[in-house]
Amino acid sequence: MIPPARLAPPVLLTALLLSACVSPAWDDHDYALKAGKTAESAVSAVRFARSAVAHRDRMTGPYAEVVLTEAVQDLSSVNDQFGGVQPPSDASDRVRDEVLRLTEKAESEVEDLLIQARRDGVKDPAAAVRELDRLARELSDFAEKHR
């Protein structure tokens, strides 16, 4: 079982990064920076979920469900907060579409894992870890591109 103290830093990081996404975008550059911070926040939540799936043998089922629930809530919050930022121009629409596609895919994937965990357990943990790694990599690449 992963001690709560080890899980606190990712949750705190997510909260701090989310606070960077709650102001208006003044221009395309500012909007892209907000999109990058949004992707960084999503990476944190995806890695948090990955830890629950990858270390399922070291944590109880209910604890894994709590971790996955927190990750889903974090991703939902990321999507809601960024979705509320008005793109300043047509040029920003592409950035918006790309980051929301990635974060919404991550949210959907983690929601599916939570449903599986609540039922009979994650069906294919190794495949789930690979998918979460892929999503985290795509989100990280997006964040790096929009710094």
Side-chain angles (χ1 to χ4, degrees), residues 1-23 25 28-87 92-147:
M1 185 163 119
I2 297 175
R6 287 190 60 208
L7 294 174
V11 173
L12 181 59
L13 176 63
T14 298
L16 290 172
L17 291 173
L18 285 175
S19 66
C21 302
V22 186
S23 58
D28 290 334
H29 177 72
D30 185 46
Y31 190 80
L33 291 174
K34 289 181 183 304
K37 290 294 183 187
T38 297
E40 285 180 21
S41 295
V43 169
S44 179
V46 168
R47 288 184 177 151
F48 193 50
R50 183 200 182 283
S51 71
V53 176
H55 302 292
R56 69 199 175 284
D57 55 330
R58 289 187 263 165
M59 64 175 72
T60 65
Y63 189 68
E65 289 176 28
V66 168
V67 172
L68 290 170
T69 299
E70 289 293 323
V72 168
Q73 290 171 345
D74 289 349
L75 288 163
S76 177
S77 180
V78 164
N79 286 328
D80 289 347
Q81 289 181 11
F82 185 75
V85 179
Q86 177 74 35
S92 290
D93 289 345
R94 184 184 52 75
V95 171
R96 177 185 176 277
D97 292 347
E98 186 177 355
V99 74
L100 288 177
R101 178 187 61 79
L102 291 170
T103 59
E104 288 170 357
K105 171 64 177 154
E107 182 180 359
S108 176
E109 182 68 26
V110 176
E111 280 178 338
D112 289 348
L113 292 171
L114 175 58
I115 290 168
Q116 290 177 39
R118 286 183 175 158
R119 290 181 181 164
D120 299 322
V122 176
K123 292 177 182 121
D124 188 350
V129 166
R130 285 190 304 275
E131 179 62 13
L132 292 171
D133 284 341
R134 185 190 65 74
L135 286 167
R137 202 169 31 258
E138 285 185 38
L139 286 159
S140 291
D141 290 347
F142 180 93
E144 185 64 34
K145 182 177 164 186
H146 294 89
R147 284 186 184 222

From [X] [atom1] over to [Y] [atom2], what is the distance, rounded to the nearest 0.5 angstrom?
X: R101; Y: K105; atom1: CZ; atom2: NZ; value: 10.0 Å
X: D93; Y: D28; atom1: CG; atom2: CG; value: 9.5 Å
X: Q73; Y: L114; atom1: CD; atom2: CG; value: 9.5 Å

Run T69 and R118 through side-chain contact (heavy atoms from CB on, under 4.5 Å) and show every step you take.
CA-CA 10 Å; T69 299; R118 286 183 175 158; 3.2 Å; yes
Which heavy atom in [X] sits nearest to a heavy atom in [Y], and how many Å separate them?
X: L139; Y: A39; result: O-CB, 3.5 Å
X: V99; Y: A35; result: CG2-O, 3.6 Å
X: D74; Y: A45; result: CB-CB, 3.9 Å
X: L135; Y: A106; result: CD1-CA, 3.9 Å

Would you indicate whether the side-chain heavy atoms of E111 and E107 approach each other to under 4.5 Å?
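Sidechains of E111 and E107: in contact.
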Would you mind reporting whether R96 and F82 have side-chain heavy atoms less than 4.5 Å apart?
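Yes, at least one pair of side-chain atoms sits under 4.5 Å.
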[X] side chain to [Y] main-chain N or O, any donor-acceptor pair under 3.5 Å?
X: E40; Y: A143; answer: no
X: T38; Y: K34; answer: yes
X: S140; Y: A136; answer: yes

Enumerate the salt bridge (charged side-chain N to carboxylate O under 4.0 Å, His left out) contacts for residues 132-146, please, sequence neighbours excluded, ordered by first and then second residue.
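Found R50-D133, E131-R134, R134-E138, E144-R147.
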For V53, the option from V110, V67, V129, D124 that meets side-chain contact (heavy atoms from CB on, under 4.5 Å)
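Result: among V110, V67, V129, D124, V129 is the only option passing the side-chain contact (heavy atoms from CB on, under 4.5 Å) with V53.
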Would F142 and V95 count as a side-chain contact (heavy atoms from CB on, under 4.5 Å) here? Give the steps.
CA-CA 9 Å; F142 180 93; V95 171; 4.0 Å; yes
Kindly indicate, with the supporting measurements, whether the criterion side-chain contact (heavy atoms from CB on, under 4.5 Å) is fulfilled by L113 and L132.
CA-CA 10 Å; L113 292 171; L132 292 171; 3.7 Å; yes
